[in-house]
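Contents: one structure, followed by commentary.
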Amino acid sequence: MRAGYEGTGPGAITPDGCAVELYSRLPVGDEPDVIAAAVPEGASILELGSGVGRMTHALLERGFTVTAVDESAPMLEHVRGARTIRSPIEELDLGETFDVVLLASFLVHTGDAEVRRGMLRTCARHVAQGGCVLIQREGEDYHENVPRERRDPSGFTVRIASSEPVGDGVNSVRAEYEFPDAVWTQTFRARPLTEEQFEEALQEAGLQVDRTLTEDRTWVRAVPAIPPVLGGLGGGGV
């Protein structure tokens, strides 16, 4: 288990506190539609942190080719129809590139700044020339509007029960999922990022924001940064 992370409830728990059975039950939202609208048809996608394949399967259905990466073998056992690779995101180096690199689930907000740097370097390392990186980030009030809960139409309740500072700009967040027959919790570390901090983190990895994809600005399309041109035209620098 990663330091500061914990999970409770039935079944296997991953190093970041995610319950495999819980994620196999959760429905996919509108994220696949957001992704499909932002990238070319039939694009090759490297999905970082795929879990059980909720988005993987929806993207496959839309005609994309997906390589699913997760550090949890029990999670990857649920993925069907995609190439799967078991690895921590920050350590991944496949020696190949993809049209689209996908970093969802607020992973860019991981509490460990060095892990975040590694994740973003992985994104930059694997995106093809002319490709893009799609990143999901927290909403503006993610840590302020607490506690809050949502009743899903499928019959379960998800609750952000608390978000407490633990130092160095990092919060410890506790999420709860209540089903009629089971309850799961996950405690994890998250680092809120201002717009400026987010863009600086991308720039450090050689990426830059291209545009936002949703009205709430939680989905962002990034592209490899264009290196500055050295010198002046014609060599007549001042």
Side-chain angles (χ1 to χ4, degrees), residues 16 26 28-51 54-56 58-59 62 64-70 88-90 92 97-145 160 163 169-171 173 175 188-228:
D16 59 354
L26 295 179
V28 67
D30 62 357
E31 290 91 347
D33 292 328
V34 172
I35 295 164
V39 303
E41 292 184 6
S44 61
I45 298 178
L46 177 64
E47 184 186 4
L48 302 175
S50 66
R54 289 185 303 146
M55 283 206 294
T56 314
L59 292 170
R62 287 162 173 77
F64 298 105
T65 301
V66 184
T67 296
V69 178
D70 204 277
I89 295 170
E90 64 272 21
L92 186 71
T97 59
F98 300 80
D99 300 324
V100 182
V101 180
L102 181 59
L103 189 68
S105 300
F106 308 151
L107 289 172
V108 73
H109 291 277
T110 184
D112 188 323
E114 191 54 41
V115 171
R116 181 196 68 216
R117 293 186 183 100
M119 288 181 174
L120 289 174
R121 285 195 293 264
T122 293
C123 292
R125 184 162 52 242
H126 291 92
V127 65
Q129 184 176 6
C132 65
V133 179
L134 303 187
I135 302 173
Q136 184 186 28
R137 58 185 180 179
E138 297 170 345
E140 293 181 359
D141 63 346
Y142 184 84
H143 295 273
E144 283 73 37
N145 181 22
I160 301 298
S163 177
V170 176
N171 291 345
V173 181
F188 57 95
R189 298 288 174 90
R191 182 183 297 273
L193 298 171
T194 65
E195 193 80 19
E196 182 179 10
Q197 289 169 334
F198 175 75
E199 292 183 2
E200 288 176 351
L202 265 59
Q203 290 168 3
E204 186 180 15
L207 299 169
Q208 63 186 22
V209 173
D210 178 45
R211 66 179 188 269
T212 56
L213 304 177
T214 53
E215 289 186 7
D216 61 7
R217 302 178 62 82
T218 57
W219 276 94
V220 174
R221 184 181 190 271
V223 296
I226 300 174

Taking C-beta and beyond as the side chain, do Val223 and Gln208 meet within less than 4.5 Å on heavy atoms?
yes
Do Leu120 and Ile135 make a side-chain contact, defined as non-hydrogen atoms from C-beta onward lying under 4.5 Å apart?
yes
Electrostatic pair Arg54-Glu47, nearest N-O below 4.0 angstrom:
no
Is the count of non-hydrogen atoms from other residues, nucleotides or ligands lying under 6.0 Å from Glu144 atom CD greater than 12?
yes
Between Leu46 and Leu92, is there a side-chain heavy-atom distance shorter than 4.5 Å?
yes
Quick check: do Val69 and His126 have side-chain heavy atoms less than 4.5 Å from each other?
no
Roughly how far, to the nearest 0.5 Å, is CD1 of Ile45 from CG of Leu59?
4.5 Å
Min side-chain heavy-atom separation Leu107-Met119 under 4.5 Å:
yes
Derivation and outcome, side chain to side chain contact (heavy atoms under 4.5 Å, CB included), residues Val220 and Phe198
CA-CA 11 Å; Val220 174; Phe198 175 75; 4.1 Å; yes
Find the distance between OH (Tyr142) and CG (Asn171) and round it off to the nearest 0.5 Å.
10.0 Å
Rounded distance (nearest 0.5 Å) linking atom CD of Glu90 with atom CZ of Arg116:
12.5 Å
Got a salt bridge between Glu138 and Arg191, using NZ or NE/NH1/NH2 to carboxylate O under 4.0 Å?
no
Does Ile160 reach the side chain of Val173, with side-chain heavy atoms less than 4.5 Å apart?
yes
Does Glu140 have more than 12 heavy atoms from other residues, nucleotides or ligands lying within 6.0 Å of its CD?
no
Whether Asp99 side chain and Ser44 backbone form a donor-acceptor pair below 3.5 Å
yes
Looking at Glu41, I'd like to know if its CD atom is crowded, meaning that more than 12 non-hydrogen atoms belonging to other residues, nucleotides or ligands lie closer than 6.0 Å.
no
Look only at the side chain of Arg217 and the backbone of Arg137, and say whether a donor-acceptor pair between them is shorter than 3.5 Å.
no
Any luck finding a side-chain donor-acceptor pair between Asp112 and Thr110 under 3.5 Å?
no
Ala190 and His143: which non-hydrogen atoms are nearest, and at how many Å?
CB-CE1, 3.8 Å
Test your reading of the model: is there a side-chain donor-acceptor pair from Thr214 to the backbone of Trp219, 3.5 Å cut-off?
yes
Closest heavy-atom contact between Ala124 and Ala205?
CB-O, 3.2 Å
Closest heavy-atom pair, Val127 versus Cys132, reported as atoms and distance to 0.1 Å, is CG2-N, 3.4 Å
Output for pair (Met55 CE, Ser50 OG), nearest 0.5 Å, gives 9.0 Å
When every non-hydrogen atom of Ala38 is compared with those of Leu213, the smallest separation belongs to CB-CD1, 3.7 Å
Note, Asp16 side chain near Phe188 side chain (heavy atom, < 4.5 Å):
no
Quick one: which of Val209, Leu207, Thr122, Leu48 gives a side chain to side chain contact (heavy atoms under 4.5 Å, CB included) with Val133?
Leu207
Expected output: side-chain Asp70 to main-chain Gly51 donor-acceptor under 3.5 Å
yes
Does Glu199 reach the side chain of Leu202, with side-chain heavy atoms less than 4.5 Å apart?
no
Find the distance between OG1 (Thr67) and CG (Leu102) and round it off to the nearest 0.5 Å.
12.0 Å
Closest approach of Ser105 to Gln136 (non-hydrogen atoms, all atoms of both residues)
N-OE1, 2.6 Å
